[in-house]
Each structure stands twice: as C-alpha cells, then as structure tokens.
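See structure below.
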There are 2 protein chains.
Amino acid sequence: MAGRNGRTVRDLRRGNRTAVLQRLYFDGPMSRFELAPATGLSGGSISNVVAELVADGLVEEAGTVESDGGRPRTLLRVAPASGHMIGVDVGETRVRVELFDLTLTELARTERPLERQGYDVEVIVGHIRDGIAEVLAETDITPERLLGVGVGVPGIVARTPEQGAVVHGQTIGWDAVPLESLLRSTCELPETLPYFIDNGARTLGHAEMWFGAGHGAANAVVVLFGSGVGACLVTQEVEQGRSLEWGHLTVRVRGRRCRCGALGCLDAYAGAEALLDRWREEGGRPPQGTDEETALTAMLAAAYPAEGADADPAALNVLEEAAEYLGAGLSDLINLFQPERILIGGWAGLQLGPRILPAVRRYAASYALRHPAERVSIDLGGLGPDAVTVGAAILPLADFFAAGGQRGTRGRARHDRRA
Amino acid sequence: MAGRNGRTVRDLRRGNRTAVLQRLYFDGPMSRFELAPATGLSGGSISNVVAELVADGLVEEAGTVESDGGRPRTLLRVAPASGHMIGVDVGETRVRVELFDLTLTELARTERPLERQGYDVEVIVGHIRDGIAEVLAETDITPERLLGVGVGVPGIVARTPEQGAVVHGQTIGWDAVPLESLLRSTCELPETLPYFIDNGARTLGHAEMWFGAGHGAANAVVVLFGSGVGACLVTQEVEQGRSLEWGHLTVRVRGRRCRCGALGCLDAYAGAEALLDRWREEGGRPPQGTDEETALTAMLAAAYPAEGADADPAALNVLEEAAEYLGAGLSDLINLFQPERILIGGWAGLQLGPRILPAVRRYAASYALRHPAERVSIDLGGLGPDAVTVGAAILPLADFFAAGGQRGTRGRARHDRRA
DNA sequence: GGTCTTAAATCACGCCCTAAATTAACCCAT
DNA sequence: ATGGGTTAATTTAGGGCGTGATTTAAGACC
C-alpha cells in the first residue's frame, strides 16, 4: 500500500515543469511574474524552470505587455510546434485520423468508412496505418516529432504487461484484441512512440473537459450517445478519468434482450440502434437502405413533424420512453458520482438532445437522490460529434505534460489504475 | 488543471516518512536493510529517516534477527502507543464508539441503542460525545494523544468550507446535517483534532481492504448489506476510495417505490427492510415486535427449514428474487468499475450470504459484461458486522500516515475530491 | 585474537527551492 | 538627456534532500 511518490529532488523539478507547462497551456500567454503565484513557485524558480523549458524549445516568448513605468513583463507561451499528436476515432461507421499540433489545432484529417457491421480488426488496423501515413505525408511532419498516438475505441480497454492495451468490445465482437501490439507491428513508426488506447467515451470526455462544456468543472460525466451509449467520468487530472460501461447498466431486471446478451441493459432502450428497433416493432417504418443517422432523423421528423402534420404516435412513444430510460440511467451516474455536470455528446445525442433533454432532466431528477440531483446540470456537449479524435490526441499530450515535457521518460503506469 | 504536487524538498522527506511508516505498518517488523529496497530509498536515507521517526517516538526497535556471521539486523516497528484513534459507527439501530491504538487493537468500546426510527440528530451527537468520553475515561488516554475521530454514517457526506462534513441521509431523514461542526461544538476535544466523517459503507470498505478479505487486492467493491444496501469502491490508497449510493441505482424503471421516493431502486428489492416488506406482502408473517435482525432470521428459517419441514414458498420466492436483483445490481458495479473482488458485509449480508451467494454470483455473471465478470470474485467480507468502527478509525490513521506521521499539518484537501 | 561477513552510520556531492539582494528595462519629470 | 522611481527578471546565498561510496559497528568462525 505504498507506491513510490517521487523519490529524489529531481522529481521536484519534473513536477514544476509540469505545473509551468500546464498553466501556460491553459491560461494563455503569461509572464514569469504571473506564473509565480499561479504555480506556487518563487520567482527565482520560475526563471530557472522557464529558462530550461525555453532551452528545450517547449516554451517561447510571445511579446511583452505594456507597462506604465517599470520593466515590462515578457509573455510566454507553449510553442505550438514543439510536438504533434495523432488522434484516432474508431467509430461505429468510420475510422477517422487527425493530426494536431500542441495547441490541438487540426493540421490534417482523413476518414475511412467502415462497412456495416464491419468490425474486422485487420481492416481497422489497416485504416489506422494508412490514415496516419496520409496525415503525416500531407503535412510533412516526421514521425519523430510525434508525442504519441491516441485511439478512441468502443468497449473496455484493459492493459497487459506483454501486449499493452487490449480491447474487449463485446458489442462489436472484439474479444481481447491486442490493438496496441497490432498497431505497433503494423504502423511504421518509431518503436518508442507511445500509443494511448482508450474508450471513445473517455476520449470525448477529455475533449469536453479541456475545451468544451466541461471546462472549469471539477468533474463531469460525459455521455457518448451514438449507435449505443457509453459514458465516462472525467476530472481535471486526465489520469483520474474513468470510462464507464454505462450502456450495460441494468435498468430493468428481466427486461429487453441487449446485443451484449444480458437482459434489461440501458443500451437496449436508449441507443440509436435500440430506438430504431423499437420503432420498427411498434410499426414504424424507417427508410430502407440508409445509414442509422438518416434513419434517426426520419424518426425524429415522424415524432415531431412540422406544423400541421400528424405526429407518429409510435415514434413519439418510443422517444418519450427513451427519455425516461435515459433519465433513470443518468440518475445512476448522479447517485454514484455526484458530478457537477453531465454532458451529452455523440451524433445521436446531439441530434435528439434539443427535443428530449427537458424530459431527460425531469426523469433524472425523479429517479436520483435529491442532494446530488440538485447539484448537477444536464446539458449537451459543446464540441460536436467529431470531438473523439481531439480527446484521443489529448491523451499523449497530457502524458507529455505529466512527464514535465520530457520525451522518452514516459510512465504509462499512471494509466493502469483501473477501478 | 494544475494542482500543486509537492513543491519543496521538504515534501520529499514527508513522502519518504510516509513510505517508511506504511511499509513498517503493513509488513510487520522489518530491518532497515530490508526497508531500503522495499521503499526504493537508499540505505543512507533509510538510516536518516528512521532516526527521525525514532526521535519522534513513532518507530521503535523490536529486537534483532539471528545472523550467521555479520552484524545482525535490528528490527523496527511502528510504536503502537504513539497515537490513538476513535472509530464511531452510526448504524441503523445503535451508535458504537471504539478506541484503538495505532495497530487498530481495540482498547475500549461502548454501544448505545437507538430507538426504532430514532434518527434524531441531537440524540446521536449526544451518544457520540458520551461514548467518546467513556472510552477515553476507561483507558486513561488524554484527548491530546488522539490522531482523530472517524465516524461512519449512512448517506452521502459532502464537505463545505464553512461547516466541514455535512451529511445528506435521505433515507434516515437527515437533510444537510452539519455533523462535523455539531460534534466539534459538542465534544470537549482539542480544537485542532480532525474529524473524518464518511459513509459507513466506505469505512467498512477500508477495514476490509486493510485487514479483511480485500487485503492484497488492488481494488474491491465492498457492499454494506443491512437494513438498506450501500457500497463503496476501495483501492489501496485510502483517499481514492469512493462511497457509492448503490442502493438507489435504478434496477427496474417504473418499479417498486423506494423509501427514498424514487421508483425501482435496488434498495426497494434487496435491503433487509425491503425483503421483510415483500414477504409480508406475499403473505409471510414475520414475528411481531422484534427487531429486523430477528425477523430476517425467521424469514430465512421459513425459506430454508430444517430437514423434513416444508419451506415457505413466499419467503423462498422473495429471497430468490432478491438474489436476482442483487446480482443485477452487482453487475452494474462490475461493469462500471471492473473490480477484482466484491465483498459483501453488513449484518444482513453475512446472515443471508451462505444461502444466496451462489445465486447472486450466477445472476451477476449473467447481467454483467463478460470480460469484467470473468475477473471478479464475489464473496462475503472477512470481518464480521462490527467492522465499520475499525474502518472509521482507519480514516485518521491513514491521514496521519499521509502527513508523514506529523500531527497538525493535516491536509483535509485530499478528501474533498468527490466524484 | 585475527579475519570474514553483513548491517548501519557517515560523508562528499550534486541538485532543488526559497528569500533576499541585484540587475535590467522602461517611464517620467526636471 | 539625465537621474529618480517602478516593476520584472536574474543572481546569489542558505538550507534541505537523496544518493552512492566509504567507514564504522557488530557479530561469526577458525
């Protein structure tokens, strides 16, 4: 029950580099003078640490601030080009690869569609390899400049000492897929390059927390509402975040059969796939041969038609019921985690949100305990459906910061703390 | 998103004191020589740190070990009398106060029964004050020697800057009770004495983790199954533990009304109170005028009578169904947290456990996702129904260790990280 | 008693952070 | 333009810390 904490005086320096980098990153250009109270360090140490970071090329000057008598403060910022990250979103219908600079500015993106139910591992690994090669070629960035590759996937990600990240995606038929070692052997990238493979909801969560509607909160639950539903709990420290197999919480003992095999999972009532299934069962007729997104749009239009037209009672009923199930599912998270905010993202969530959010809020409040329910806000995410890649790219970046901006000395150990 | 990590070189020393203390505490008497690799420190530093701890009276020599040539190793241990803790269990039917020495050896205990439904705050605070005075008097220990008072309560514990710990116990009618400030003003203890108020399930969890069936696991979920049900997630670091309002997860949308007001909570199907209610509804006749514990024993006897007698089908049915709901409820925790172990404690759990555990395991496996379900074990706790006080006493002890064995410099901040 | 073995203490060294003292950079009034 | 006034950044003691090598302590064995 010990766990080494930072043994030598050198670790102090690493921690202080991290603190300076983070402050500079989030609170914009800043002078050394402001940095001191912000990080809790003395002016002397700030000078010292900043000099080191500038020498390393991680921090650069960014002009000075007007002074009315007295030496002007010189502003500092993290150098955007001192490192790059790749973010990959292995989604339900496509694999998207994006390349970012340190400030999470998108430099290139590429997307490869997946065939329906086409969760073939080989194909996806191929897509990722090709995608990475493409964005690197497009921007003329050498792999050596990369801080790492972040990948968001559906399902549970476990870590083994031998194979690294292993994906257990029960709903997509992935059983113990050693994605990390597959990527390592397939992509022609430097051997030391770290891969960060994590649940897609969790990467989305980081993105919302750093740049979206979660910014400023001490913690939040971010829901990825797409074909199925997932969620994650995020806090200000990236390492603390936890992905939650929310979709497979039991909301109705002996209820509907879920695609995971169990009875009464939330996923069987609330994901886009489940909604369309239920609509069909109730006599609804989604358009044939289109993708889920189009079908869901049609369902929404049927339930809430334009002025004058009649609403489809089946669609309306299914959506209303889904709101109740979502509310009940959220109440579980509210009771367990007492988050400040709940943010709903994912293409289906963003599409349905404006319609069903009030009902979801109502049901969540009625199913949850009063104290935590009073303190939580439930809203849509602020980043659009493409944020999973951003979140994936945050993983290597956060690790880079945690290492004090030193490449190579990575501690993946931090991430192994599940549960 | 920074958070200071340990700014000055002095924090290093504190961390190393913590490491040495913890190793010595858990891995028994140990020589300086063994301590070095165990803590990752050099021999020189061990000598140095140990000398300091001995000077502080926290560590003492404990004999030497035989040598076959060479200087014999002198063993060291944490001095049991260098500090004491009080653990309080505010339970459903009584308030229990116990006094422990540093090794969690019980020095004195006292118990005060509560009247049925008697959750009057004043009364309970009085019981705690009297109980503390009693155990201190009995052992002649002055309050100055206390490291702190730990209190396990039902419900959610929040922390406010002004009032300290505030308890929201919806099922016992406590709405924002500022228990910490009430205790501070009521008990005549030193002003600086820290109080650690936490959910009872969480304190039980720590006890199981340190001394019970959770020992050695990286993490575990501990269930407190009494009149109602609660749970907590515990890890090796005390600060990381989290209490979970498990009893109010929704396991059946639009299901039975729970005493918290919502529909379909697990608590409405699985706590001892709910079991007895349901038995009554199905025509069972629990003994009148007895306490819940006796009634539950009767129910169990009715469902599983001695050889030859006929089983009460109603009782049997209710218990069987409860096993399914418990299994489903556990599956939620399995999916969310992927714990290594689940331990069921609390008086009702320990009583019912031997009968229903196999069914609970079966249902949990069928409702949970395959990967985490394969990795979890579900067992009874190892500590008996009285462990809540032990766990409560662990809270000040863990804090003392985290502060490197220095009184006064407490950082309650660590505990404020909810969610 | 001398030698070997092993544990613990001591010491020189390099590093780190703080606080105080300097130096740098700029404004303004004379 | 020049010297005082201000404020920012750097430099300089001063005190701590952990490491790794070296010494000292303590016992066993011959």
Side-chain angles (χ1 to χ4, degrees), chain A residues 2 4-20 23-24 29-55 59-77 404-406 409, chain B residues 2 4-20 23-24 29-55 59-77 404-406 409:
Chain A
R4 301 304 300 100
N5 39 343
R7 301 192 320 304
T8 129
V9 289
R10 244 146 163 160
D11 299 314
L12 282 181
R13 174 54 65 98
R14 189 168 43 70
N16 290 336
R17 285 173 59 117
T18 300
V20 169
R23 263 276 129 56
L24 240 33
M30 217 171 169
S31 69
R32 293 174 176 81
F33 190 69
E34 296 165 293
L35 224 32
T39 57
L41 290 169
S42 70
S45 291
I46 290 293
S47 271
N48 202 331
V49 170
V50 167
E52 222 180 81
L53 291 171
V54 169
V59 167
E60 59 189 22
E61 301 203 339
T64 60
V65 75
E66 274 297 283
S67 125
D68 48 335
R71 177 171 176 173
R73 309 177 180 180
T74 64
L75 294 172
L76 302 164
R77 69 161 162 247
Q406 272 147 333
T409 52
Chain B
R4 302 303 301 99
N5 40 343
R7 303 193 318 305
T8 131
V9 289
R10 245 141 164 163
D11 300 315
L12 281 181
R13 173 56 65 97
R14 189 168 44 68
N16 289 338
R17 284 173 60 116
T18 300
V20 169
R23 262 276 130 56
L24 239 33
M30 219 171 167
S31 68
R32 293 173 175 79
F33 190 69
E34 295 164 294
L35 224 33
T39 57
L41 290 169
S42 71
S45 292
I46 289 294
S47 273
N48 202 330
V49 171
V50 167
E52 224 179 79
L53 291 172
V54 169
V59 166
E60 59 189 22
E61 301 204 339
T64 59
V65 76
E66 273 297 282
S67 121
D68 48 335
R71 178 173 177 173
R73 309 177 181 181
T74 64
L75 294 173
L76 302 164
R77 69 160 161 248
Q406 272 146 332
T409 53

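Throughout, protein chains are lettered first and strands after them, A, B, ... in sequence-line order, and every chain is numbered starting at 1.
Residue Ala36(B) comes nearest to Ser42(B) through the heavy atom pair CB-C, 4.4 Å, listed as atom of the first residue, atom of the second, then distance. Closest heavy-atom contact between Arg77(A) and Glu61(A): NH2-O, 4.4 Å. In terms of heavy-atom proximity, Glu34(A) sits nearest to Leu75(A) at OE1-CD2, 4.4 Å. Between Leu35(A) and Leu76(A), the shortest heavy-atom contact is CD2-CD1, 4.3 Å. Contact detail for Gly404(A) and Arg17(A): the closest heavy-atom pair is O-NE, 2.7 Å.
Counting to the nearest Å, the C1' atom of dT11(D) and the CZ atom of Arg32(A) are 14 Å from each other. Remark: C1' of dC17(C) and CG of Asp11(A) are 14 Å apart, rounded to the nearest angstrom. Going from atom CG of Leu75(A) over to atom C1' of dA8(D) covers 12 Å, rounded to whole Å. Atom-to-atom, CG of Leu35(A) to P of dT10(D) comes out at 12 Å; the value is rounded to the nearest Å. Distance CZ (Arg73(A)) to P (dA8(D)): 4 Å, rounded to an integer number of Å. The distance between atom CE of Met30(B) and atom P of dA8(C), rounded to the nearest whole Å, is 12 Å. For the pair Leu53(A) CG and dA9(D) C1', the interatomic distance rounds to 16 Å; values are reported in whole Å.
With hydrogens and angles disregarded, no donor-acceptor distance shorter than 3.5 Å links the side chain of Thr64(B) to the backbone of Thr74(B). For Arg23(A) (side chain) and Ala38(A) (main-chain N/O), a donor-acceptor pair under 3.5 Å exists by modelled atom type. Between the side chain of Asp11(B) and the backbone N or O of Thr8(B) there is at least one donor-acceptor pair closer than 3.5 Å.
The phosphate of dA8(C) (OP1 or OP2) has a side-chain N or O of Thr74(B) nearer than 4.0 angstrom.
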Protein-proximity profile, nucleotides 17-30 of chain D, B/S/- by nucleotide at the 4.0 Å heavy-atom cutoff, equals BSB-----BBBS--
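Across its full length, the helix from dG1(C)-dC30(D) to dT30(C)-dA1(D) shows an angle of 30° between the axes of its 5 terminal pairs at either end, rounded to 10 degrees.
Taking CD from Gln406(A) and CZ from Arg14(A), the interatomic distance works out to 8.0 Å, rounded to the nearest 0.5 Å.
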